[in-house]
Student: 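This is the structure I want to talk about, given as C-alpha cells.
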Amino acid sequence: MLTRRQLLTTAVASLALPIAPRRLWASTTLTMGPMQIDSLSDGNLILPGDFILGGMPQDEMAAIMAKYHLPTDQLTPPCNVTLLRDGKNTVLFDVGAGPDFQPTAGKLAEAFSALGLAPEAVTHVVFTHAHPDHLWGLLDDFDEPVFANAQHMIGQAEFDYWMDPATVDTIGAARTTFAVGAARRLQTMADQLQMVTDGQEILPGVAARLTPGHTPGHMAFELRAGTEAVMVVGDALGNHHVAFERPDWASGSDQDGVMAAGTRVSLLDQIATDQMLLIGYHLPGGGIGRAERADGTYRFVEEV
Ligand SMILES: [Zn+2]
C-alpha cells in the first residue's frame, strides 16, 4: 500500500520529466537519465511553398499558414541534427546538408565548434533517411567520412531504395539530383554501412522504428531511459503547421503522400498518448517539444 506521502513523491517525480532544455547558440540541450541530448543547428533551408504545401486544399491550407503567421510562397524550415551522449557513445542522427546543397544549410561544423566537440569524437552516425539535407554532410572534399571514427548506420529499405539503379528514373524530375547525390555517397560508404531494420535496438536505449512515406525506408528512433522517452522523428513530422494540424493530408515533400500521412497519424497518436518528447528535424525551437491534442488535431508545443 502506498502512503499519501509516497503518492505525492511519485506524482512529483513523474512531473519532473526530462529536465527543461537549456538553450545555447546553435544548440538546445535536454537530459534524460544518463543521456544528454543536444539538438544542433545545421542552418535552414529555403523552399518554394509548393514543395511542402502543393496538392493540399488551398483555402484550408492558407488559413492554417495564416494562423502560424507564415507565408505560403516560400518557407525557411530550420534543420536540427540530434546528438546523443550517454558517457560511452556519442551518436549523431543525420549529418546535415554539407556544402553542396543550399548556402543557408550545412552549418553543423559551426555547432560542433560552439559545443567544443571534435567530429572525430562521434562514435556512431545514424540516418533517418537519405535526402540531401540529412545525408550530404557525410563526406569531406576527399570523399572521406567527416565523422572519421564513427560506425555509420542506415535503414536497410532506405539503402536498397537509393542504391537501386532504377530510382533515378522513377523518382521524378524534381528529385533527380537527390537520387544521384544519395547513390554516390552511399556507394562510397557501402562497405562501412551497417544496416538497420524495424524494431531493432541499434544501441543501448535506441530503437529503430520504420516510418515510411517521406522516403520508402524512413526511420524514426526512440531513445529511452527508464520510463522516459524521446522520439527522434526525422521528417516523419516535417513541419509544425500542416503536419500537426492536418496530419492526414498528403504533403508535396513526401515521396509517397498517402503512406506518409498514415505514418504521421499513427506516430502523432502514439507520441501524444504516451506523452513522449519528440525532436523534429525541421521543427522550431531546436525541434524539441511535445505533440498536444487540440480539437481533434495536434499542436506542436516547444519544450524550450
Ligand atoms: Zn529534411
Side-chain angles (χ1 to χ4, degrees), residues 26 28 39-54 70 74-83 92-108 111 125-138 154-155 157-159 161-162 167 171-172 174-183 185-186 209-221 231-244 247 249-257 259-261 263-264 267-268 278-289 300:
T28 308
S39 171
L40 309 181
S41 174
D42 190 50
N44 67 274
L45 302 179
I46 299 177
L47 300 172
D50 258 8
F51 186 78
I52 290 171
L53 308 169
L70 289 168
Q74 191 180 71
L75 296 169
T76 57
C79 299
N80 310 304
V81 176
T82 299
L83 176 75
L92 202 56
F93 294 87
D94 297 331
V95 294
D100 299 329
F101 186 49
Q102 293 197 346
T104 51
K107 311 294 185 195
L108 186 61
V125 166
V126 183
F127 290 105
T128 62
H129 65 299
H131 275 167
D133 50 323
H134 301 253
L135 175 78
W136 285 16
L138 174 64
I154 190 168
E158 188 70 3
F159 180 79
Y161 172 74
W162 295 104
T167 294
I171 195 169
R175 289 191 174 89
T176 303
T177 55
F178 290 19
V180 173
R185 288 169 178 84
L186 294 177
R209 169 153 173 193
L210 185 65
T211 40
H214 182 70
T215 59
H218 186 284
M219 287 281 191
F221 296 92
M231 189 75 85
V232 177
V233 300
D235 286 5
L237 298 169
N239 60 72
H240 64 296
H241 35 86
V242 287
F244 281 76
W249 281 355
S251 167
S253 65
D254 298 325
Q255 291 187 212
D256 183 328
M259 185 187 283
T263 290
R264 215 160 26 238
L267 192 60
L268 275 169
L278 67 96
I279 308 179
Y281 198 83
H282 297 299
L283 302 181
I288 303 175
F300 177 64

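Basis for what follows: all heavy atoms, side chains included, without hydrogens, waters or symmetry-related copies. Order of listing sets the numbers, starting from 1, for every ligand and every atom in it.
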Student: Please report whether the ring centroid of H218 lies less than 6.0 Å from that of H131.
Tutor: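 When the ring centroids of H131 and H218 are compared, they turn out to be at least 6.0 Å apart.
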
Student: To the nearest 0.5 Å, tell me how far I288 CD1 sits from F300 CZ.
Tutor: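 So the gap between those two atoms works out to 8.5 Å.
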
Student: Restricting to N, O or S, what is the name of the atom of D235 that lies nearest the Zn ion (ligand 1)?
Tutor: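 In D235, the N, O or S atom with the shortest distance to the Zn ion (ligand 1) is OD2.
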
Student: Measure from the Zn ion (ligand 1) to every N/O/S atom of D133 and report the name of the nearest one.
Tutor: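 Going through the N, O and S atoms of D133 one by one, OD2 ends up nearest to the Zn ion (ligand 1).
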
Student: Taking the side chain as everything from C-beta on, heavy atoms only, tell me whether L45 gets closer than 4.5 Å to D133.
Tutor: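 Of all side-chain heavy-atom pairs linking D133 with L45, at least one is under 4.5 Å.
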
Student: What I'd like to find out is whether the side chain of D42 reaches to under 4.5 Å of the side chain of H134, using heavy atoms alone.
Tutor: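 D42 does not reach H134 side chain to side chain.
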
Student: Working to 10°, measure the angle at the Zn ion (ligand 1) formed by atom NE2 of H282 and atom NE2 of H134.
Tutor: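 That angle is 120°.
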
